[in-house]
Novice: 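Let me give you the structure first, and then I'll get to my questions.
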There are 2 protein chains.
Amino acid sequence: MTKIKETSTNFENKKLLAEECLEVYASGIIGGQWTLAICCYLINGKLRFGELKKCLPAITERMLTLQLRKLEENKIVTRTVFAEVPPRVEYELTPVGYQLSTIIKNLEDWGRKHKQLMKS
Amino acid sequence: MTKIKETSTNFENKKLLAEECLEVYASGIIGGQWTLAICCYLINGKLRFGELKKCLPAITERMLTLQLRKLEENKIVTRTVFAEVPPRVEYELTPVGYQLSTIIKNLEDWGRKHKQLMKS
DNA sequence: TAGGATACTATCAAAAAGGGAAGTAATGAC
DNA sequence: GTCATTACTTCCCTTTTTGATAGTATCCTA
């Protein structure tokens, strides 16, 4: 999750696919390793940076920051900074962010079925 | 898409997340760069290796093979080899594979909305 | 005046994903 | 006997993502 190289074949491929295939586009946006997990927690209401970190004990601060920035860029969360010391920053889903709940639910259902199937 | 290192922190994190979060589990399975695109084409019926390749002009044979193998491992597609020369191999979605259609549709709808939003 | 709280940022390294090009096996057509 | 066809496999390299660790700023408290 750093800068992307706009000359790589990989970049081109991603762009092309996302252009002609809305589901690929969507999965590119919510497909980061922690993205969905973060959204899951935010769906129950806004959370501070530190609270999210507690929800995801294994995430590093760097990763959490990167993912939140990406979500913010993609207008899926809003970031509100309170001018206090120590600082307080709250993250909340936007309307499009909340609209992910259907997808999340479907993924959950499908995931359950699939997991069951793989066990047998 | 090569071997994964079962000792890496990354591997551990993925495992943990997938265990406690079915939507993360699901997105890990269908989240490859070409996975959803492949499923999209297969949803209309079985296709041969070469036909898939034509559907995705930019994919390399290597990648297509890897993705299909992963899909097969995850019981999302079946692979049927016909003992002919030149060889013929057909790929078809399994029932769970077909059940992805809901998710694909959701992603498509959400993607459309999101894309619209980002333009404004 | 040293330490704590919070939300980061910076730097370096490792792992994972993806790409390019060439090679393989079997057989029928020419 | 050479070529074409098909579905791969191999090897090596680049790009992208993720992890580990160590800072930074500000003010309040003890």
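Naming convention: chains lettered A, B, ... in sequence-line order (proteins, then strands); numbering from 1 in each chain. Just the heavy atoms: all of them, side chains too, but no hydrogens, waters or symmetry mates, feed the values below.
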Novice: Using five base pairs at each end to define the local axes, how bent is the helix from C/dT1-D/dA30 to C/dC30-D/dG1, to the nearest 10°?
Specialist: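 Helix axis angle between the two ends: 30°.
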
Novice: Does B/Q33 reach a base, just sugar-phosphate, or nothing at all? Heavy atoms under 4.0 Å.
Specialist: sugar-phosphate

Novice: Return the CZ to CG distance between B/R79 and B/L68, rounded to the nearest 0.5 Å.
Specialist: 9.0 Å

Novice: Could you pull out all residues at least two apart from B/E20 that satisfy salt bridge (Lys or Arg N to Asp or Glu O under 4.0 Å)?
Specialist: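 Not a single residue meets the salt bridge (Lys or Arg N to Asp or Glu O under 4.0 Å) criterion with B/E20.
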
Novice: Quick one: side chains of residues 38-45 of chain A, donor-acceptor pairs under 3.5 Å with protein atoms, not counting sequence neighbours, listed by atom name and distance.
Specialist:
none

Novice: Near DNA chain C, under 4.0 Å by heavy atom, which residues of residues 49-59 of chain B?
Specialist: none

Novice: Would you jot down, in residue-number order, the residues of residues 5-22 of chain B having a non-hydrogen atom under 4.0 Å from DNA chain C?
Specialist: B/K5, B/S8, B/N10, B/K14

Novice: Using the side chain to side chain contact (heavy atoms under 4.5 Å, CB included) criterion, which residues pair with B/T65? Sequence neighbours excluded.
Specialist: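 Side chain to side chain contact (heavy atoms under 4.5 Å, CB included) list for B/T65, sorted by chain: B/F49, B/R69.
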
Novice: Partners of B/T78 by side chain to side chain contact (heavy atoms under 4.5 Å, CB included), sequence neighbours excluded?
Specialist: B/E92, B/T94

Novice: Within the structure, does a side-chain N or O atom of B/R79 lie under 4.0 Å from either OP1 or OP2 of D/dA7?
Specialist: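 Indeed not, no polar side-chain atom of B/R79 lies that close.
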
Novice: Does the structure place the NZ or CZ of A/R88 under 6.0 Å from the centre of the six-membered ring of A/F82, at an angle of no more than 45° from the ring's axis?
Specialist: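 Yes, A/R88 lies over the aromatic ring of A/F82.
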
Novice: Quick one: does B/H114's side chain have a donor or acceptor within less than 3.5 Å of a partner on A/I76's backbone?
Specialist: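 Side chain of B/H114 to backbone of A/I76, a donor-acceptor pair under 3.5 Å: no, none is there.
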
Novice: Could you encode protein contacts along nucleotides 21-30 of chain D as a string, one character per nucleotide from 5' to 3', using B for base contact, S for sugar-phosphate-only contact and - for no contact, with a heavy-atom cut-off of under 4.0 Å?
Specialist: -----BB---

Novice: Among residues two or more places apart or on two chains, list those pairs meeting salt bridge (charged side-chain N to carboxylate O under 4.0 Å, His left out) that have a residue in residues 50-60 of chain B.
Specialist: B/K53-B/E61

Novice: Side-chain donor-acceptor contacts of residues 95-104 of chain A below 3.5 Å, not counting sequence neighbours, with atom names and distances?
Specialist:
residue	atom	partner	partner atom	Å
A/Q99	OE1	B/K113	NZ	3.2
A/S101	OG	A/Y98	O	3.1

Novice: Classify B/F82 by what it touches in the nucleic acid, base, sugar-phosphate, or nothing, heavy-atom distance under 4.0 Å.
Specialist: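 Since no nucleic acid heavy atom lies under 4.0 Å of B/F82, the category is nothing.
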
Novice: With sequence neighbours excluded, what pairs up with B/K15 under the side chain to side chain contact (heavy atoms under 4.5 Å, CB included) test?
Specialist: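 B/K15 satisfies side chain to side chain contact (heavy atoms under 4.5 Å, CB included) with B/F11, B/E12, B/E19 only.
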
Novice: B/E73: what forms a side chain to side chain contact (heavy atoms under 4.5 Å, CB included) with it, not counting sequence neighbours?
Specialist: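 In terms of side chain to side chain contact (heavy atoms under 4.5 Å, CB included), with neighbours along the sequence ignored, B/E73 is linked to no residue.
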
